[in-house]
Amino acid sequence: MKIASLVARYLLGFIFLVFGLNGFLHFIPTPPPPPGVAGDFMIALFESHYLVIIFLLQLIPAAFLLINRFVPLALVLLGPVIVNIICFHALMAPAGLPMALFVTVLWGLVAYGVRSAFAGLLQVRASETA
């Protein structure tokens, strides 16, 4: 399981590094926005410059994953991004859903590898400190 977590960490880091850098450098050609709600949503994200924040929230954790530093923090930062990617593809553009699910599985494998970092979050009752 240790090797699967390691491979998943590198793959997840590479995927988000490529797509995060593409947001700034545009080396992967961007297709025209899809028709309907998905296209309107993408246009709104682009015109409001909200995508800059999203691309930064992909780049920074990707670097953390690739250099094996602050991995739990990287997972916490990528979690909401992945949830939004899944929701976008599940509700508006289902063609990208398989890749979104693949990224989710990778995230889960990496999270399983550092599960001890999240142990405090999974307590039924919080202990009070004096």
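Position 1 is the first residue of the sequence, and the numbers go up from there. What's counted below: heavy atoms across the whole structure, side chains too, no hydrogens, waters or symmetry copies.
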Can you confirm whether [X] sits close enough to [Y] that some side-chain heavy atom of one is under 4.5 Å from a side-chain heavy atom of the other?
X      : Y     : result
Ile53  : Leu56 : no
Leu101 : His89 : no
Leu77  : Val81 : no
Leu109 : Met1  : yes

Looking only at heavy atoms, which two atoms of [X] and [Y] are closest? And how far apart?
X      : Y      : result
Gly79  : Trp107 : N-NE1, 3.9 Å
His26  : Gly23  : CE1-O, 3.3 Å
Ala117 : Pro72  : CB-CG, 3.5 Å

Is there a donor-acceptor pair under 3.5 Å between the side chain of [X] and the backbone N or O of [Y]?
X      : Y      : result
Asn22  : Val18  : no
Ser5   : Lys2   : no
Thr104 : Ala100 : yes

Answer yes or no: does atom [atom1] of [X] have more than 12 heavy-atom neighbours from other residues, nucleotides or ligands under 6.0 Å?
X     : atom1 : result
Tyr50 : OH    : no
Phe55 : CZ    : yes
Leu25 : CG    : yes

Before you tell me yes or no, could you show the steps for Phe88 and Asn84 under side-chain contact (heavy atoms from CB on, under 4.5 Å), namely the whole-Å CA-CA distance, both residues' side-chain angles and the distance that decides it to 0.1 Å? CA-CA 6 Å; Phe88 175 79; Asn84 280 292; over 6 Å; no
Quick check for you: to the nearest 0.5 Å, what is the distance between [X] atom [atom1] and [Y] atom [atom2]?
X     : Y     : atom1 : atom2 : result
Leu91 : Phe41 : CG    : CZ    : 10.0 Å
Thr30 : Phe46 : OG1   : CZ    : 8.5 Å
Leu21 : Ile28 : CG    : CD1   : 9.5 Å
Met99 : Phe19 : CE    : CZ    : 5.5 Å

Tell me whether the NZ or CZ atom of Arg115 lies within the 45° cone about the ring axis of Tyr112 and under 6.0 Å from its centre. yes
Picking from [options], what satisfies side-chain contact (heavy atoms from CB on, under 4.5 Å) with [X]?
X     : options                     : value
Arg9  : Val114, Leu75, Val71        : Val71
Phe16 : Leu106, Leu66, Leu65, Ile82 : Ile82
Pro61 : Leu73, Leu12, Leu78         : Leu78

